[in-house]
Amino acid sequence: MISKLILVIDDEEPIQKVVGLSLKMEADWQIICASSGPEGITLAEASQPDAILLDVMMPEVDGIQTFERLSNNLQTKDIPVILLTAKTGTAEKRLFQKIGVTGVITKPFDPLSLASQIAKLTGWLL
Amino acid sequence: MVFDSGARQLFSWEEVIDEKPLTASSQTLLPHALAKFVAQSDTSCMIALRHGKVAGIVTRQDLLSAIAHKANWARLRLTKVMTHPVITVAKSELSLVAASLLQQFKQHQISHLPVVDDDNTLIGIISYRHLLVIFREQKAEISIKRQHQHAQLFAEITLKIRQSLQLKEILQTTAEEVQKLLDADRVVIYQVLPDGTGKTTSEAVKDPYPAVLGMAFPEEVFPTEYQQLYAKGRVHAIRDVLAPNSGIAECLLEFIKQWGIRAKLIVPIVHPLASDQAAPRADSHQLWGLLIAHQCSGPRQWTDFELEFMQQLAAQISIALSQGQMLEYLEERVNLRTAELTEANRALQQEIQERKQIEIALRQSEEQLRLITNNLPVLIAYVDAQQCYRFNNQAYEYWLGQNPAELYGSPIKAFTQPDHYQNIRPHIETALMGEQVTYESELILKDSRRHSVSVSYIPHLELINQNQAKINGFFALTTDISDRKAIERMKDEFIAVVSHELRTPLTSLHGSLKLIATGRLGNLSEAGQQMLAVADESTDRLVRLVNNVLDLQRIESGEVTMDNCTCNAAELVEQAAEAMQTMAQQHGIEIHTQLKPLFIWADPDYIVQTLTNLIGNAIKFSAPHKTILLSLQPHSATPQLLQGAAAPSDSPASAALFCVKDDGQGVPSDKLDSIFERFHQVDSSDSRKKGGTGLGLAICRKIIEQHGGKIWAESEAGVGSKFYFTVPLSHDQIHD
């Protein structure tokens, strides 16, 4: 198994902890966390994670805006971004697909299969 | 007034006496006398004079007789042929009374009467023939005068009678005038009643004779045979009722004596009209009554004139009766017509009154309507077919600063921004085609702020006949929905926030519980693990509930619009089946499909959501080792078809019929409709047992309705359920 580095951008610390523990337990992946979009972008540029788990609803700069900035950033544009969102509506899902994210995982997620879901969306072998 | 019969008529001296008669000496030879006769051919006699005195008289006949019979006639003198002595009359003794003068000629059987003075000197001669001519001329003249006098008198009385059209007055006038004219003691008008009895209806009577007015007479007094005689025109004049030959019936004598009647003149009054006839008829006559003159002072010889006069007046009464009856008839008709006109007038007045009341009510109603419309917080306008304002309520002034009076008659375009007009123009045209339109827009009002408005155009249709209507214009109602929009936005934001705020801790909670449950973070006692399972299950339910509440809210608010496209319905069923496969396996359920290739016009994501929801329910309510059948077939939307029935071969299919059939516990028939309502479950404990939220079917119904389809269930408790829904076929599919 190849260890992965996942950047979690979520303003909720409990989510960061659950995601971190889930990925650790299931696939022994490492995570780094940011609590806001701008912080996440800086961290992505600096650490070049294998994938980014991005929360949609965040204060000031939300997940969609953050994604756009990541996409427009030469240093981060190739990093797969998976939205982690509580927005589950069909219309919202369409919007997410339209903007070109790698995938969407809805909250609450299954912590025992989160790594599997990410691997499936990114095409990694787990 | 008393008329002269003519017998006492006087001659005038000049007209009777020929003061230049043919004379000759008594010694005149006959040839000379003849010559005188010849010279005066119109003279028929010659007076022979001797010493200026009348010696004899010779007629033309005497002279001619002598010439014829005596041969020596030429030598004869008048004395030989004249008649003498001659009857003469002294002028002083001459009676110029016509009757006595004529009497003298008749008495002496003479044809000529010489008139002499006291010295027996000839003054002139009176010729019987001449006298007779004059007498006749005078008599004729008198007769003419009398006729004229009668006519004048009759005209005067007729005029008096005719001055009234009231029958009673006419009869009374007639009685009075006849009484005066005839100088009779009593004149009565007696009316014969239909039952044979009678009564005096009018009377004029001299003092001291008793009045008989109003007296009723029994039938015996005037028997039927008398009536018949009088009806034929009989006139009865009796000089003296007490005379043996008076012809008065015995039964009447008592009555006559009672009233002191000595002479009577009775003239019938016939009536050309039967009393029960509605209109006069000329061919019908009946005895109406009698005009009777009484003389009580003594016997009286009724003259022809009196008789004739009475008859004429009776005829006048008859005419008056006819006229009276005609008048009555006309009056009756007039009264009837008047009554009809009065009734019509009354009805008209009532109608006018009612119309006035309606008008007042309408005016009040209009005033109330105006008051209401002016105070409603809505822009109300009426726009005609030429897109011109015909009414604007006061709100136009309050909201937009546009005076309704100024707006009247102006085109909408003139008071609308060009780009805004281009936006609303299609809606206006739709309304003017007779279709109601409602749309939302924005308006900048007098406060310079942008307001959200909902606008409805309601066409004003006027029915021309049963099948045709004319569009006169439309009513435009504009409601400010800014507040509602703001609330909706707040609600959406609130739900979004709540959703996020609920989900975020739920996600942490859910994840943490799952991780604990792995046991890799430390072992729990059995009771601890049980509690952990309860907590895990509850968080799952809570997550589903939050998801469903959000879904339903989005669909109901119209926030979600179906992104319809032509899609393969069978593929969608397969997709949903695959998505639910894991859950089915967990419950030991098999999913089978029976699908026909159909293309529908739908939003595939929402159809899959509906299917997964129904399949999820079927799994939850099925016992292990049961099967769920998903079927798809064409369906006709014809209302006559039973729900769930496939389209018959002769009826074109217009929809796809989806069916999710299970062999589960089923739904009682009385709950088949209510299960589609929110938070409604067959058994309230289901949500706890099966982890349902009570919103799944409500969401399904909303989705299908937004597709223009229908959803329903058929079930038998304990046997299983069939959940159906229809979705319109795509245009291409229908045509195929």
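Letters go in sequence order (proteins before strands), and every chain restarts at 1.
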A.B. asks: Between A/Leu84, A/Asp110, A/Val18, A/Val19, which has the largest tally of heavy atom pairs under 4.5 Å with chain B?
C.D. replies: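 Highest number of heavy-atom pairs under 4.5 Å: A/Val18.
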A.B. asks: Which of residues 511-526 of chain B have a heavy atom under 4.5 Å from any heavy atom of chain A?
C.D. replies: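 From residues 511-526 of chain B, the residues near chain A are B/Gly511, B/Ser512, B/Lys514, B/Leu515, B/Thr518, B/Arg520, B/Leu521.
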A.B. asks: Which distance, rounded to the nearest 0.5 Å, do you find between the OG of B/Ser508 and the CD of A/Gln16?
C.D. replies: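 So the gap between those two atoms works out to 10.0 Å.
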A.B. asks: So for A/Leu112, is it side chain, backbone, both, or neither that comes closer than 4.5 Å to the heavy atoms of chain B?
C.D. replies: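 For A/Leu112, the contact with chain B is made by the side chain alone.
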A.B. asks: With a sphere of 6.0 Å drawn around CD of A/Glu13, does it hold more than 12 non-hydrogen atoms of other residues, nucleotides or ligands?
C.D. replies: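 Count not over threshold, so no.
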A.B. asks: Would you tabulate the side-chain donor-acceptor contacts of residues 114-126 of chain A under 3.5 Å, counting partners in other chains and residues two or more places apart, or write 'none'?
C.D. replies:
{"from": "A/Ser116", "atom 1": "OG", "to": "A/Glu26", "atom 2": "OE2", "distance (Å)": "2.5"}
{"from": "A/Thr122", "atom 1": "OG1", "to": "A/Ile118", "atom 2": "O", "distance (Å)": "2.7"}
{"from": "A/Thr122", "atom 1": "OG1", "to": "A/Ala119", "atom 2": "O", "distance (Å)": "3.3"}

A.B. asks: Does a sphere of radius 6.0 Å around CD in B/Glu578 hold more than 12 heavy atoms from other residues, nucleotides or ligands, not counting ones at 6.0 Å or beyond?
C.D. replies: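 No, the 6.0 Å shell around CD holds no more than 12 heavy atoms from other groups.
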A.B. asks: Just so I understand: if I count every heavy-atom pair under 4.5 Å between each of B/Thr539, B/Leu506, B/Thr507 and chain A, which residue has the most?
C.D. replies: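 It is B/Thr507.
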